[in-house]
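Structure record follows, encoded as structure tokens.
Note that the structure is predicted; figures quoted are calculated from it, not measured.
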Amino acid sequence: MAGFGGAETAKAGGLGCGPLIAPLSESMRPLRQQVFERVRAAGLIARVQVAKDLGVSPASVTTITSELIEAGLIEEVSAPRDPELGRGRPAVALGVRAQAHLVAGMKMSDREHSAVIVDFAGNLLANEVVPRRPGPMPVAEMLDAMEALLNRVCENAGIARAALSGVGVGLPGFVDQAEGVVLWSSTLTERAVPLALAAQERLGLPVSIDNDANLVALAELWFGAGRSLADFAVVTFEHGVGMGFVMNHRIYRGAQRLGLELGHTKVQLDGALCRCGQRGCLEAYVADYALAREATTALNWGHRDGQSISVLLESLYDHAQAGDATARSIFRRAGRYLAVGLANVVNLFDPALIILSGERLKFDYLYAAETLAEMDNLVINTGRPRPPIEIHAWGDLLWAHGAAALALSAVTERILTAPRELAAQ
């Protein structure tokens with residue numbers, strides 16, 4: 001018990017015990033922020049219900065909501081009155097003042113860029129999707145693409161860029177959200193890029209960045225199936241394989257903010273080459289480039305080298321649907337590896353729900369009944385049912401919605417944790 005050798009000293013010295021939680025940490029947000037977030041989550045809610053939900057006095061809620069109304073962040077709304085209650089003053093509810101702030105969310109992908117603009121209540125105002133030539137680009141070119149995309153979506157919304165309070169950006173790869181640094185991305189030629197700062201200087205707006213899979217989880221947490229769940233996992237299939245995990249209603253990122261790279265967990269020692277440079281990653285068997293590589297070899301499609309991966313995959317899928325045994329075996333093999341990955345998610349995290357999301361889900365062989373049955377065989381048998389699995393193919397704008405949620409979160413944090421005289425400006 002050498003690890004507890006200082007226990008008696010701690011007791012004698014009055015050092016206390018138990019977790020040392022930093023003041024005003026994420027789990028101890030200011031009450032005014034909690035009140036605002038409760039109003040935003042509810043849409044419309046009475047003051048007395050806010051007090052009950054947060055376990056605080058109605059007087060405290062009244063004081064804080066008055067400050068938030070004065071700051072122009074929330075407003076009183078006449079709620080519809082139940083006819084059975086008779087006449088009288090209409091009930092008054094609180095709601096977010098949608099016009100208080102506007103934010104943009106952008107997804108910078110391997111093959112297309114997408115963007116949305118939403119108001120402070122999360123309502124979609126405008127969107128834009130721009131295709132691009134595949135392959136990594138220099139940082140300067142990425143910044144040009146960001147600025148052009150932002151200008152186009154602002155034009156669609158009929159607003160000036162300066163009307164925005166913040167921008168969220170998602171991209172694939174290893175992204176340190178807190179530091180705003182992209183350590184590696186398939187969309188960039190350089191590594192260890194301080195992209196948030198560079199984008200902020202170029203756009204003249206506060207910018208937050210994150211891994212794109214985390215942003216899909218944020219989209220589900222803010223706008224989708226995860227709103228009422230404390231813990232759930234999102235596994236994404238685009239040009240790679242990603243994962244976002246929500247724990248206690250918050251995105252879990254790991255100690256170095258780079259965790260949950262499901263696509264780079266190893267499923268085969270000394271296996272297929274992954275685009276990250278290592279071998280045997282799950283992504284190297286399930287991602288689009290892996291399927292295209294397998295098809296080129298197994299079906300002798302070397303003459304199709306000039307075709308895009310999307311065209312190759314569509315052709316592979318058509319062959320599989322037509323009964324081609326080789327094409328079906330390629331999807332079947334990928335599905336088996338996917339089953340391994342999903343079973344590991346269940347065994348490690350025991351989420352309440354697993355959401356599969358992304359463009360590649362149109363290839364339904366990846367999650368066919370055989371794949372899910374194999375996953376069931378690999379999950380620890382506890383006698384209890386495994387977590388449900390849902391398929392959510394929102395389309396291109398899903399990722400951008402998650403980026404907008406990231407921007408909304410950053411703006412809220414900045415306003416509600418600032419000194420009140422600054423927050424009111």
Side-chain angles (χ1 to χ4, degrees), residues 21-77 92-105 117-123 162-169 177-180 196 200 205-210 214-215 218-219 221-223 227 230 246-251 253 257 401-425:
I21 301 175
L24 298 182
S25 66
E26 188 172 335
S27 61
M28 298 176 63
R29 302 183 316 286
L31 183 57
R32 63 202 299 259
Q33 186 173 350
Q34 295 181 51
V35 169
F36 175 82
E37 290 174 350
R38 188 71 197 92
V39 172
R40 180 170 59 194
L44 290 176
I45 189 170
R47 287 177 174 84
V48 64
Q49 189 61 48
V50 174
K52 184 183 297 185
D53 291 349
L54 296 180
V56 298
S57 70
S60 297
V61 170
T62 298
T63 300
I64 289 173
T65 54
S66 296
E67 293 173 358
L68 293 173
I69 291 172
E70 185 178 351
L73 301 179
I74 65 174
E75 59 189 359
E76 291 184 328
V77 180
V92 174
L94 299 171
V96 171
R97 184 171 168 269
Q99 303 79 19
H101 293 277
L102 305 177
V103 302
I117 289 179
V118 303
D119 62 27
F120 208 36
N123 302 307
L164 297 173
S165 296
V167 179
V169 179
Q177 186 270 333
E179 297 291 334
Q200 185 166 305
L205 295 165
V207 175
S208 303
I209 66 171
D210 205 346
N214 283 341
L215 296 186
L218 265 182
L221 179 63
W222 279 62
F223 306 109
R227 294 197 64 212
V246 171
M247 182 182 296
N248 193 24
H249 305 284
R250 295 285 184 272
I251 295 290
R253 293 186 172 90
R257 285 90 65 183
H401 268 91
L406 179 69
L408 282 174
S409 180
V411 170
T412 303
E413 187 86 16
R414 188 169 69 244
I415 292 172
L416 295 178
T417 59
R420 298 187 184 184
E421 61 272 13
L422 294 179
Q425 293 179 0

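Note that CH2 of Trp222 and CG of Leu406 are 9.0 Å apart. Values are rounded to the nearest 0.5 Å. With rounding to the nearest 0.5 angstrom, the OG atom of Ser208 is 10.5 Å from the CD atom of Glu413. Rounding to the nearest 0.5 Å gives a distance of 4.0 Å between OG1 of Thr412 and CZ of Phe120. Expressed to the nearest 0.5 Å, how far CZ of Arg40 lies from CD1 of Ile74 amounts to 12.0 Å. Here CD of Glu37 is found 11.0 Å from CG of Leu408. Values are rounded to the nearest 0.5 Å.
Between Ile415 and His101, some side-chain heavy-atom pair lies under the 4.5 Å cut-off. No side-chain heavy atom of Arg250 sits less than 4.5 Å from a side-chain heavy atom of Leu221. At least one side-chain heavy atom of Leu68 sits under 4.5 Å from a side-chain heavy atom of Leu416. Put simply, the side chain of Val103 does not reach to within 4.5 Å of the side chain of Ile117, judged on heavy atoms.
Within the structure, every pair that satisfies the salt bridge (charged side-chain N to carboxylate O under 4.0 Å, His left out) test and touches residues 46-55, not counting sequence neighbours, is listed here: Arg38-Asp53, Arg47-Glu76.
Between Phe223 and Gly122, the shortest heavy-atom contact is CE2-O, 3.7 Å. Contact record, Leu31 with Leu54: CD1-CD1, 4.3 Å, taken as the closest heavy-atom pair. Smallest separation of non-hydrogen atoms from Ser165 and Arg414: O-NH2, 2.8 Å. Closest approach of Ala407 and Ala104 over heavy atoms only: CB-O, 3.8 Å. Considering all non-hydrogen atoms of both residues, Ala98 and Asp119 come closest at O-CB, 3.2 Å. In plain terms, the two heavy atoms of Gly105 and Ala403 that are nearest each other are CA-CB, 3.6 Å.
The environment of Gln99 atom CD is dense: over 12 non-hydrogen atoms of other residues, nucleotides or ligands sit within 6.0 angstrom.
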- Message: Please evaluate residues Ile64 and Gln34 with respect to the criterion side chain to side chain contact (heavy atoms under 4.5 Å, CB included), reporting the C-alpha separation (whole Å), side-chain torsions for both, the decisive distance (0.1 Å), and the verdict.
- Response: CA-CA 10 Å; Ile64 289 173; Gln34 295 181 51; over 6 Å; no
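Put simply, the residue from Leu44, Val35, Val39 that forms a side chain to side chain contact (heavy atoms under 4.5 Å, CB included) with Leu94 is Val39.
The backbone N or O of Gln177 sits nowhere less than 3.5 Å from a side-chain atom of Arg257 that would complete a donor-acceptor pair.
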